[in-house]
Amino acid sequence: MSLGAKLVLILTLVGVAGALGITVLLAGIITPSFDALEAKAVQGHVDRTRAALSDYAAKVETAVRDYGNWTQGYDYMATPPPASPAAAAFERNGVSRLALRDLGVQGIAYVAADGGVRVARWRDASPAPTRRAMQAALAQVATRTDLARILGNSMSAHFYARVGPAIAAIGVARVRRSDGSGDPHGYVLMARELTSRQLSDLLRLDARIGPAADAGGRVASAHGRMTIAVPIRTPDGRAIATARFDVTRDATSLGRRMLLFAAAGSTLLLLIVLVVLRRVIARLVLAPLQRVERHMQRVRASGSIALFEGDGRRDEFGSLGRSLNAMLSQLKDLREQIEVQSFALGRSESAVAVMHNVRNALTPISTILTQGIAQSPPIDRATVERALAELALDTLPPDRRARLAAFVTAAFAAEVAGRETMRGELRVGREAMAHVLEIIGQQQQQAHDRPHLESCDLSDIVARNAAIARYADAASIAFSFPAGPHYVRANRVILSQVIGNLLGNAAEAVAATGSDSGSIGVSIHQSGDVVTVHIRDDGEGFDAATGTTVFQRGFSTRAHKSGGLGLHWCANSMTAMGGTLRLESEGRGRGAVAILTLRAATPDRAA
């Protein structure tokens, strides 16, 4: 399994585990919270129902309190039975159906202090037997209820009781005179029936009165609704009926939707984070690794060690690319050393040609050393020391101190610049020395053997030999060459020596003009599978007659030299690599151009 597949699998497992964990966490937080809200809402409904029932009974208590504080009722209860005409008139007028209708109650009863019922009336549109049964039921409630305990020290109270088949709110009050004087003579009770319609009006809900067996709590039903049952109790705590109504489970539904949305949102967010993380890992981790892998495969397939072109990153992958390039450079150097060591020198002509190339490569080193020895310090050390000593004086004026500080700073900056310049020249000298060592370490193969050809970057070889032109002894030479890569089929070591020879000859030609400066330009053109290199200088040049003899062994245009093998060896080496070399000039004093042709490397070899 590839690294990308493993990362995808790991991220998928992490995403699934994260989604499950978030869902469980949200369920553990949201569900109990909304259950508590629902329980609080249920308790609120129960409390409102109880308050409505209490308020309904309190209104009956208010009505019965007025009857309790009534002198006629007090006199009626003070008159012992059998009833007198006054008592009969009171029962006929005071507790008539009209009076009960005006009070908004269904029943009334007067109870003596010993528990006997003096009179009981029930107002109903039902037949007479039914009314008599309800009156008997009301009288039974009055006699069986401990009214003294219910009232206690109060003058009135209320409670619920079952009167026959009906549930009624009962109000009870002590019977006294209208001014409140006199010992109470018994009690007066009023009953107001509680029906499902009345309960619905009280609660503003679709409520109903149910049997007492249904009392106990809430009953969840389907379709997001819930049935709440509130027991209606007698004074002794016994449930005689249940007020039941249905409400929607808004809190639970909201909690479920919130849990669903939260879980879906967190899962979607986690999915987006994982997708982004996967793309980031693919771009920042997998892509650089694949680039390194593809580069190593190209190196292995082509056999040509090319440096890895990184993107300048400063992280671990950038360090990996730099380490890889260092390893490839070292491997390339080792391969070059092996190639140089395996490239044995042949006959004496080849050995002399090698020494000629060595002389050309040593020219920059000699120039750098000569310039370094002749270069004087930018500022006299004694002067700097005197300035430092003067700066140490406490009595030095501020303006003088500022000028001395600026002088010392400039001296140190000049010293640092001189050192950096020397470091750059020494670095060039080191590269030139490496070139010399490379030339010394190889030999020309036998004349009849063709050298080993490989894909070479022609621009890189020209750049490495540029020091021969830039550090010429007698003149300051401006050098230009193309920056882009151009790959050809050649032996890299031999081609480097050929270009070094030609650049050295061009530098000598510029110096031979007697001018202090000159220029050498290199241009590279490709036409089909042929790459042409032009090395043009503005040196002394040569005439047409000389152009036919420049490649002869031992020929040299320098009067103070003899036995020249440079151009002769270069021409033979180019022929051995399947290329050509020719020199052209428009005449003496008009410069010259060396034209090299080589076969271009195929794209796969160039890669």
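Here the structure is a predicted model, which means the values were calculated and not measured. Below, all heavy atoms of this structure are taken into account, side chains as well, without hydrogens, waters or symmetry copies.
- Within a 6.0 Å sphere centred on CG of D206, heavy atoms belonging to other residues, nucleotides or ligands number 12 at most.
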Check your understanding: Given the rule in the side chain to side chain contact (heavy atoms under 4.5 Å, CB included) test, do V119 and F90 qualify, once you have shown the distances and angles that lead to the verdict?
Key -> CA-CA 10 Å; V119 64; F90 177 81; 5.8 Å; no
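- Between D146 and I150 the shortest side-chain heavy-atom distance does not fall below 4.5 Å.
- The shortest side-chain heavy-atom distance between R278 and L274 does not fall under the 4.5 Å cut-off.
- To the nearest 0.5 Å, the span separating CZ on R131 from CZ on R121 amounts to 11.0 Å.
- For the pair G186 and M77, the tightest heavy-atom approach, listed with the atom from each and the gap, is CA-CE, 4.2 Å.
- Closest approach of V60 to G171, counting heavy atoms only: CG1-N, 3.5 Å.
- Looking at heavy atoms from C-beta onward, I232 lies in side-chain contact with L194 at the 4.5 angstrom threshold.
- At least one donor-acceptor pair under 3.5 Å links the side chain of R123 to the backbone N or O of V105.
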Review point. Can you list the steps and then say if M327 with Q330 is a side chain to side chain contact (heavy atoms under 4.5 Å, CB included)?
Key: CA-CA 5 Å; M327 182 188 68; Q330 185 178 11; 5.6 Å; no
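- Side chains of S54 and H158 form a contact here, defined as non-hydrogen atoms less than 4.5 Å apart.
- Counting heavy atoms from C-beta on, the side chains of V188 and W70 never come closer than 4.5 Å.
- A 4.5 Å side-chain heavy-atom check between T49 and L203 finds at least one atom pair inside the cut-off.
- Counting only N and O atoms by type, the side chains of N69 and S178 include no donor and acceptor under 3.5 Å apart.
- The aromatic rings of H185 and Y74 sit parallel to each other, their planes meeting at less than 30°, with 60° as the upper class boundary.
- Looking only at distances, a side-chain donor or acceptor of R174 sits under 3.5 Å from a matching main-chain atom of S154.
- Proximity of a side-chain donor or acceptor of R162 to a complementary backbone N or O of I240 within less than 3.5 Å is detected.
- Crowding of N153 atom CG: a count of heavy atoms from other residues, nucleotides or ligands under 6.0 Å not exceeding 12.
- The pair R208-D246 meets the salt-bridge criterion, since a charged nitrogen lies less than 4.0 angstrom from a carboxylate oxygen.
- The CZ atom of R97 sits 14.5 Å away from the CD1 atom of I108 when rounded to the nearest 0.5 Å.
- Side-chain contact between H295 and R298 is present, with heavy atoms from C-beta onward closer than 4.5 Å.
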Practice item. Please assess L324 against M296 for the test side chain to side chain contact (heavy atoms under 4.5 Å, CB included), listing each intermediate value before the final yes or no. Key: CA-CA 10 Å; L324 177 62; M296 297 305 296; 3.7 Å; yes
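- Open room surrounds CZ on R197; 12 or fewer heavy atoms of other groups in view lie less than 6.0 Å from it.
- Formation of a donor-acceptor pair under 3.5 Å by the Y187 side chain with backbone atoms of L151 is not found in this model.
- Atom CG in L328 sits 11.5 Å away from atom CG in L334 (nearest 0.5 Å).
- Contact of the F159 side chain with the T145 side chain is registered, since non-hydrogen atoms from C-beta on lie closer than 4.5 Å.
- Contact detail for Q106 and L100: the closest heavy-atom pair is O-CD1, 3.9 Å.
- Heavy atoms only, all atoms of each residue included: A169 and Y160 are closest at CB-CE2, 3.6 Å.
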What pairs of donor and acceptor atoms, side-chain ones from residues 134-143 against any protein atom, are under 3.5 angstrom apart with sequence neighbours left out?
unit_1, atom_1, unit_2, atom_2, d
Q135, OE1, W122, N, 3.4
T143, OG1, A139, O, 3.1
T143, OG1, Q140, O, 2.9

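- Between T71 atom OG1 and R177 atom CZ the span is 7.0 Å, to the nearest 0.5 Å.
- Of all heavy-atom pairs between P235 and R149, the closest is CB-NH2, 4.0 Å.
- Judged as a ring-ring contact (aromatic ring centres under 6.0 Å, His included), and not counting sequence neighbours, Y56 has no contacts.
- Formation of a donor-acceptor pair under 3.5 Å by the S200 side chain with backbone atoms of L205 is found in this model.
- Closest of all the heavy-atom pairs between R283 and P288 is O-CD, 3.4 Å.
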